[in-house]
2 protein chains.
Amino acid sequence: MKEIEKKLQFRNIKPTSMRLLVYKVLKKKQKAISLYEIEQEFDNVDRSTIFRTLKTFQTKYLIHSVDDGTGAVKYALCDDDCTCSLNDLHVHFLCNKCGQTFCFKEVPVPIPKLPEDFSFESANFVVKGICSTCK
Amino acid sequence: MKEIEKKLQFRNIKPTSMRLLVYKVLKKKQKAISLYEIEQEFDNVDRSTIFRTLKTFQTKYLIHSVDDGTGAVKYALCDDDCTCSLNDLHVHFLCNKCGQTFCFKEVPVPIPKLPEDFSFESANFVVKGICSTCK
DNA sequence: TAACTAATTGCAATACTGTTGCACTAGCTT
DNA sequence: AAGCTAGTGCAACAGTATTGCAATTAGTTA
């Protein structure tokens with residue numbers, strides 16, 4: 001498990017046990033998951049601790065967040081070389097059936113032509129439909 | 001103001017005074033606005049009434065909603081011929097400076113190529129940046 | 001017009017997610 | 001060991017969304 005410690009250290013995050021645990025959950029899920037879902041993975045971990053862990057991870061570009069419209073923000077691991085810049089933006093997919101949110105890292109967010117004088121800084125693109133499992 | 005009454009009736013919504021008021025606010029703003037913002041336009045109107053009014057409007061495709069990631073869902077008027085189907089999807093723009101959310105009805109949501117067996121039903125595409133006024 | 005019915009509204013309470021203050025703890029440094 | 005700093009847990013709170021229920025209004029019928 002030194003592997004994970006290295007990942008955290010590479011991002012300048014001290015690898016505490018809590019952080020390793022949260023990381024592992026995100027890794028295992030392979031999807032964008034909510035704070036609540038992470039909380040459910042543990043027995044006695046405080047919500048605020050997870051909350052702050054996620055904030056830390058996000059600040060260091062270890063994870064990114066998506067607002068898929070379900071009311072809860074979801075989090076997913078970034079790629080190793082991610083800096084959460086425009087190039088790293090990708091489409092997310094919310095399954096209307098199972099409610100799971102997928103990261104489509106290979107599908108970049110298309111940049112539409114905006115009206116004059118509107119600048120593009122970032123974007124949140126969530127596609128909704130039925131996933132391959134629920135189909 | 002018979003104009004507005006007709007619009008509501010056309011959508012099968014009984015034009016009560018509250019509903020006309022809420023409609024007027026949405027019309028006036030010409031942007032996507034939150035329940036809270038609508039509430040601020042009145043002195044003594046209950047939040048839940050506005051809430052239910054919006055739900056009614058939305059069910060009848062008179063308005064559509066956007067989740068722009070600010071924490072509050074925002075609502076905006078639909079075009080007359082809107083049925084909130086795929087064709088009616090358009091890009092929304094959140095200004096990072098003034099916090100206002102714009103409907104870009106002339107900018108359709110691009111449909112990306114999804115992995116096999118994932119179906120497209122709808123989408124929420126919010127672009128964030130600086131609007132022409134704040135520029 | 002009076003009575004009746006159904007839809008709408010207002011009030012109050014609650015749920016859910018996110019967020020913060022504060023005290024305690026663990027781990028590192030001197 | 002003493003001191004320092006970051007991290008954690010607890011508890012409380014904030015903001016938005018949502019619901020139950022009673023009061024009101026509007027529309028309909030006799």
Side-chain angles (χ1 to χ4, degrees), chain A residues 4-5 8-9 11-26 32-60 62-76 94 99-101 124 126, chain B residues 2 4-5 8-9 11-25 32-60 62-76 94 99-101 124 126:
Chain A
I4 298 180
E5 286 189 36
L8 297 206
Q9 263 154 359
R11 294 286 191 174
N12 241 306
I13 301 166
K14 198 197 290 182
T16 66
S17 53
M18 268 309 312
R19 289 170 178 173
L20 293 174
L21 286 172
V22 171
Y23 186 99
K24 276 183 213 167
V25 171
L26 287 163
I33 56 177
S34 66
L35 200 166
Y36 180 76
E37 286 172 90
I38 298 172
E39 201 183 347
Q40 293 311 103
E41 291 288 314
F42 304 113
D43 276 342
N44 280 313
V45 177
D46 192 69
R47 209 167 56 247
S48 65
T49 301
I50 302 174
F51 173 75
R52 285 187 268 229
T53 298
L54 292 171
K55 284 291 174 217
T56 302
F57 282 5
Q58 191 167 12
T59 309
K60 307 285 188 172
L62 184 66
I63 64 173
H64 59 276
S65 63
V66 208
D67 185 335
D68 63 5
T70 54
V73 176
K74 292 185 180 171
Y75 304 87
L94 171 67
Q100 293 197 92
T101 301
N124 185 48
V126 178
Chain B
K2 289 293 177 191
I4 298 181
E5 286 190 37
L8 296 208
Q9 262 154 357
R11 295 286 191 173
N12 241 308
I13 301 167
K14 201 197 290 183
T16 67
S17 53
M18 268 309 314
R19 289 170 178 171
L20 294 173
L21 286 173
V22 171
Y23 186 97
K24 277 183 212 164
V25 171
I33 56 178
S34 66
L35 201 167
Y36 179 76
E37 286 171 90
I38 299 172
E39 201 183 348
Q40 292 312 102
E41 291 288 314
F42 304 113
D43 275 344
N44 281 313
V45 176
D46 191 69
R47 212 167 51 248
S48 65
T49 301
I50 303 173
F51 173 75
R52 285 187 268 228
T53 299
L54 292 171
K55 285 290 174 218
T56 303
F57 282 5
Q58 190 167 13
T59 310
K60 307 286 188 173
L62 184 67
I63 64 173
H64 59 276
S65 63
V66 208
D67 185 337
D68 63 5
T70 54
V73 175
K74 292 184 180 172
Y75 304 88
L94 170 67
Q100 294 197 92
T101 301
N124 185 48
V126 178

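Reminder, nothing fancy here: chain letters follow the sequence lines and each chain counts from 1. Everything numeric here is computed off the predicted structure, so don't read it as measured data.
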Measuring from atom CD1 of Ile63(B) to atom CZ of Arg11(B), what distance do you get when rounded to the nearest 0.5 angstrom? 11.0 Å

Gap between atom CG of Leu8(B) and atom CG of Leu62(B) - 0.5 Å precision: 6.0 Å

Comparing Thr70(B) with Thr53(A), nearest DNA chain D nucleotide closer to 5' gives the residue Thr53(A)

From the set dT8(D), dT18(D), dC11(C), return the single nucleotide nearest to any side-chain atom of Lys55(B). dT18(D)

With a sphere of 6.0 Å drawn around OH of Tyr36(A), does it hold more than 12 non-hydrogen atoms of other residues, nucleotides or ligands? no

Round to the nearest Å and state the distance from Ile50(A) atom CD1 to dT19(C) atom P. 14 Å

Taken to the nearest whole Å, CD1/Ile33(A) to C1'/dT17(C) is 16 Å

Working to the nearest 0.5 Å, report the span between CE of Met18(B) and CG of Leu20(B). 9.5 Å

With axes from five pairs an end, tell me the bend angle of the helix from dT1(C)-dA30(D) to dT30(C)-dA1(D), nearest 10°. 10°

Please report the closest heavy-atom contact between Gln58(A) and Ser65(A), naming both atoms and the distance. NE2-OG, 2.8 Å

Side-chain contact, heavy-atom cut-off 4.5 Å: Leu94(A) with Lys74(A)? yes

Between atom CD in Gln40(A) and atom C1' in dT17(C), what is the gap in whole Å? 13 Å

Taking N or O atoms only and anything under 3.5 Å, show me the protein contacts with nucleotides 23-29 of chain D, one pair per line.
none

How do Tyr36(A) and Ser48(A) order along DNA chain C: which one's closest nucleotide is nearer the 5' end? Tyr36(A)

Using a 4.0 Å heavy-atom cut-off, does Lys74(A) contact any base of the nucleic acid, only the sugar-phosphate backbone, or nothing at all? nothing

For Arg19(B), which of Ile4(B), Thr49(B), Thr53(B) qualifies under side chain to side chain contact (heavy atoms under 4.5 Å, CB included)? Thr53(B)

Tell me whether Asp67(A) contacts the main-chain N or O of Asn124(A) through its side chain, where contact means a donor paired with an acceptor under 3.5 Å. no

With a 4.0 Å limit, can you tell me whether Thr49(A) has a side-chain N or O closer than that to the phosphate oxygens OP1/OP2 of dG9(D)? yes

Return the value, rounded to whole Å, for the distance between atom CG of Asp46(A) and atom P of dG9(D). 6 Å

Starting at CG of Asn12(B) and ending at P of dT8(C), how long is that distance when rounded to a whole Å? 11 Å

Of the listed nucleotides (dT20(C), dT8(D), dA17(D)), which one gets closest to any side-chain atom of Phe51(A)? dT20(C)

Here the distance between atom P of dT8(C) and atom CG of Leu21(B), to the nearest Å, is 15 Å

Would you compute the distance between atom CD1 of Ile38(B) and atom CZ of Arg47(B) and round it to the nearest 0.5 angstrom? 13.0 Å

Of the candidate nucleotides dT8(D), dG18(C), dA12(C), which contains the atom at the shortest distance from the side chain of Leu35(A)? dG18(C)

note: Glu39(B), atom CD; dT9(C), atom C1'; distance rounded to Å ~ 14 Å

Considering only heavy atoms and no angle criterion, is a donor-acceptor pair shorter than 3.5 Å present between the side chain of Arg47(A) and the base of dG18(C)? yes

Can any side-chain N or O of Ser48(A) pair as donor or acceptor with the backbone N or O of Phe51(A) at less than 3.5 Å? no

Thr16(A) vs dA26(C): side-chain N/O to OP1/OP2 distance below 4.0 Å: no

Does Arg52(B) make a side-chain N or O approach to OP1 or OP2 of dT18(D) shorter than 4.0 Å? no

Write down the distance between NZ (Lys60(A)) and C1' (dG7(D)), rounded to a whole number of angstrom. 14 Å

